[in-house]
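First the structure, in the form of structure tokens, and then the observations on it.
Only heavy atoms go into these numbers, but all of them, side chains included; no hydrogens, no water, no symmetry mates. Quick note on labels: first sequence line is chain A, next is B, and so on, each numbered from 1. Remember, predicted model here, so these are calculated numbers, not experimental data.
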Amino acid sequence: MRLRLLTVALAALLAGGCVGVPQGGRVLGGNAGGTEQPADDPYVGIIPVGPERDWAPTEIVEGFRTASSSFDGPNGDHQVARSYLACASCWRPGVASIVYSRLDPPTFEADGPTRGTVTLQGTQLGRIGADGQYIADASDFKEEFHVRQDAQRQWRITDLPSELLLSRDDVTRAFRTLDLYFFAPDSQTLVPNPVFIPLVSRSWLPAQLVKQLIGGPTTWLKSALVRSAFPAGTRLRGLRISGGVATVDLTRQARAGDLNNMSIQLMWTLRQLREVQRMQLRIDGKVVDVPGVSGSLQSTRDWAAYNPNGGGEPQSAYVRLVDGHLGRLGTDRGQPVAKLQTGHPAISYDDRQVASLNDAADTVTVTDLLGGAVRTTLRATAKGGRFTPPSWDSRGNVWVVESTATGSQLWVIEGGTRPVTVDGWALVPYPVKALRVSRDGTRAAVIVKVDGRWQVQLGRIDRAPSGGLQAEGFISISSELESAIDLAWSTTDHLAVVGMTQGNPSPSLFDVPVSGAPISPMIGPGGEITTITASPGSPLLVTQRLSGDKTLNVCRLSVQFDEWKCINGTSNPAYPG
Amino acid sequence: MNRWPTLPSAARRGLHLIRRYAGAAVRRAYVSWRRSLQARVVTSTLLVSGLVVAVLGMFLMQQITTALLEAKERAALLQLDEGVGVAQGRLATAGTDNPDSTKSTLNGIVTALAHRSGPSGLYEVIIIDRDDPGSVGFSSNWVRLKSVPAVLMRQVEASNASKPYRTYGTLTYDDGSSKPGLIVGKKVSRYQLYYLFPLTQERQSLGVVQQTILGVGAALVLLLAAIASIVTRQVVIPVRMAAQAAERLAAGRLEERMRVRGEDDLARLATSFNDMAANLQEKIVQLQELSQVQRQFVSDVSHELRTPITTVRMAAEVLYEARADFDPMAARSAELLQSQIERFEGLLADLLEISRYDAGAATLDIEPMDVRELVLRAVGYTEDLAERKGSKIIQQLPGEATMAEVDRRRVERILRNLLVNAIEHGEGKDIVVSVAADRDAVAIAVRDHGCGLRPGEANMVFDRFWRADPARARTTGGTGLGLSISMEDAQLHGGWLQAWGEPGQGSQFRLSLPRVAGAELRGSPLPLVPPEIELQRAPYAELPLEADA
């Protein structure tokens, strides 16, 4: 009796304890836990090592160059690379770097038994300034490293250039390009200020980003008179990111600043980091209530009106129809809008006016979209002068460059009615093929012929000390594009460019960050692409000409399917702007 | 100045308190361990089951850890193989002549492999290239090179390309954080590829399992202890009840019975106990009744004999007075009659006294007395007899009065009995009476140098009608009850009456009495064994059961 009971109990235990994985069951919706803090792309870093015994001077310099491409150590101060130096603590590099595309083998020249000079030379793509601003500048460079044998008869570097020498791969690996956001001089629009920030560690980057934001714009953008809401002397006391919330703690000087504007700048700047979704602002350790925000946590939604890319909703696109009239682009064909002849249309941000270029490109006409009343007409003043397609800024001005084979002149049609020449046009001696003013109105992207090459350049639009408008400070943003045909602002810090790279003469599409980060090719619709237009949140539009065919087609990149759809008999598409 | 001494003293006091409480707790635990079967059973169950559960838990934990890590290792090696494939593919297509392009390729490989790790950070990748001055390769996510143990690196470096190696280590990162990890590595042409798998997930899982096992184990041990407690309780409670019943029975409450519940073994125990108690009660009541009847009978007989014996005695006295007128035969008979009637009267008085004791009717008539005086009176009473026997009574009395609260009549009787006894057995040798006192007690010893007592007789001398030699002639006409009555008298005082004797050495009787009536007697001021005997210490002495103080 007792035995049987025991057997039954044992059997029940065994049956219950049997290991098994389910082989069927209900269908459940998945929700991966812990995704609140999305991991960034994996970071890949070089593993630097110090010099070995009895290395030759050239090996020392080469080893140093490799090791210095790693921002190791607690503050990214190249701890390992310092072991190549005679005086480890004397070297204070910043982020200032030469970005090279080709580096010749080093050469050594002895100045005596224990001294010498190692020369590194090659071709550079550009330079990163001490403030993180990249300026493309393809040229040759030559840097000298002085070396000396120490007491143990080991060669060590005694004197070296202040810039780091980095290959393009090194830059991609060791830096992140992030935007600092500042306010445009005379509007509440955010202007991005792309900078290169070394990836010292995951926690170092956000703090450095905020520090640089508080520190102000780069020298280049500072001249554009952008405004920062942080009062002078403000510093970062601490930054902690956990659970998607960034807690920014500023010193008490920040009390004098506009909390709203500081929050807007911080929020849009920090938002680029994937691990930040919301932000809490503290001053001197105490949480501050920001007007217009409920609770102490603010999100981008609170400041959606200040989105640097505008609302981001799809814009309606305008095209030139086959008969030369202005039309609106539907899903599969262009619909006429107005009986208005136009070569290159440009629509104002408020959708009310259209600036159009005639087919000969020597006249710019600004017309009301409704009713068709001509507001003003601008004719080329120089002989053989041709206008670039007009570009609107968000304040209702039309910008257009009149260009001849030997020079150019910038016009602005203020309010769409009063054309004036801009005196401070820095590119007077160069022909210009295209000009697009950024949405915030502080920057202009141009295709300019410098040194016989059509280059993409970025300039500032600001007021000269005399009070007049000026467009100056043009810098090249990419050395990789050999030539460019057309460009458009796809977002506030990216350009969509039709251009050619070295070794690939057929025009294709590129995404060009204005920061100077590497450009990336995009799949085009095929055929020859002549114009491009883009708007944040809207599909990319290009004009395509198939070989052997006279007609032009506007092709649209479907956002969802990543494929091109072409609409016959339309050309020169334009989004407002 | 004042603060400092108080602080350590307070601490000392606290320490002392703690120690006292701890000591008390330990003592309590020990006492309950000694006293309670239940506590013992529960404790041993706790210990044994705790041990078994701990061993089982460790075994289980080890099994689970092994299984988990084995699965991880298999997956890691598969992952490494896939990574090696990717790396080989990339290295084959890329030119490796130019150091920059090599670096770019390696960089690309690590990036691609790290990308496959996914957002959950499944692993880190390290590729090692010994040919580049200034660097030894690439790592993902700031994992440090020293995460790869040197032993593994040597092993991989020396290996041929087809064999992967694995080991466990610690992944350290540039920001100083570290976690345990599994590291696998393999050679890819002249490079080394390492995959480093953090084992945080596994550690977490094992932590959960461990906690579960701990919880379940603790619950199991407690459950077993509770079961043991309940089971022993079911056994112990009836046993305790039986013990209580037995105690009460022993205390004389003969009507005490156990409650019988159910039909199990314990119920049988209760039934047997009750039967036993019933039998016992019956027998005891019978005996009591019997003894009662006997005592009554003795008392009645004594009483009834008294009146006739008085008459007979008066008659005998008349005859005795007139014996001169009788012929010698009749005169001798009258003398005999007279002496035997005296003896008969003494016997009757003793019997009555004894029966009074048996009936529990004896009472003390306490007064403070000088014990020496009592001794002198008793000696005076027996001096004649001693002279007749040729014995001399030597008195060893203290110089000052030795007062004690006693019943004068009874103590005198005891002393008389002892002296008579000593004279009777003294064989004409000296008899020593010594008195001593201390703070609590007085003692009187009577020593003779007669034939002494045989082993075992020292206790029997106080039995009623006991005689050392039944055949021996009775010369002094003792009743055989004297020492029994003396014993009863001594006990009535709360004192001791003890005998010592050795064949050929004589004997000694010692009376010890408390100085204050009702006080408990703890020791005696005189030794039971005479000092001269104690000195030469015979091979076997008749020692009293109670040890002398």
A/S201 and B/D174, any side-chain heavy atoms less than 4.5 Å apart: no
Close side-chain approach of B/K103 to A/T66, heavy-atom, < 4.5 Å: yes
Count the heavy atoms belonging to other residues, nucleotides or ligands that lie under 6.0 Å from [atom1] of [X], then report whether that count exceeds 12.
X      : atom1 : value
B/Q201 : CD    : no
A/E109 : CD    : no
A/R240 : CZ    : no
B/E263 : CD    : no
B/R144 : CZ    : yes

Please classify the contact between [X] and chain B as side chain, backbone, both or neither, with a heavy-atom cut-off of under 4.5 Å.
X      : value
A/E62  : both
A/W55  : side chain
A/V80  : neither
A/R168 : neither

Heavy-atom pairs under 4.5 Å with chain B, option from A/P48, A/G45, A/A67 with the top count: A/G45
Residue among A/L199, A/D170, A/T172 with most heavy-atom pairs under 4.5 Å to chain B: A/L199
Closest approach of A/V49 to B/S135 (non-hydrogen atoms, all atoms of both residues): CG2-N, 3.6 Å
What is the distance from atom [atom1] of [X] to atom [atom2] of [Y], rounded to the nearest 0.5 Å?
X      : Y      : atom1 : atom2 : answer
B/T111 : A/R173 : OG1   : CZ    : 8.5 Å
A/F71  : B/W142 : CZ    : CH2   : 12.5 Å
B/S139 : A/I47  : OG    : CD1   : 4.5 Å

Largest heavy-atom contact set with chain A, pairs under 4.5 Å, which of B/N107, B/L106, B/V110: B/N107
Options B/A114, B/G137, B/S140, ranked by heavy-atom pairs under 4.5 Å with chain A, top entry: B/G137
Engaged part of B/D129 at the chain A interface, taking heavy atoms whose separation is under 4.5 Å: neither
Proximal component of B/I126, with respect to chain A [non-hydrogen, under 4.5 Å]: side chain
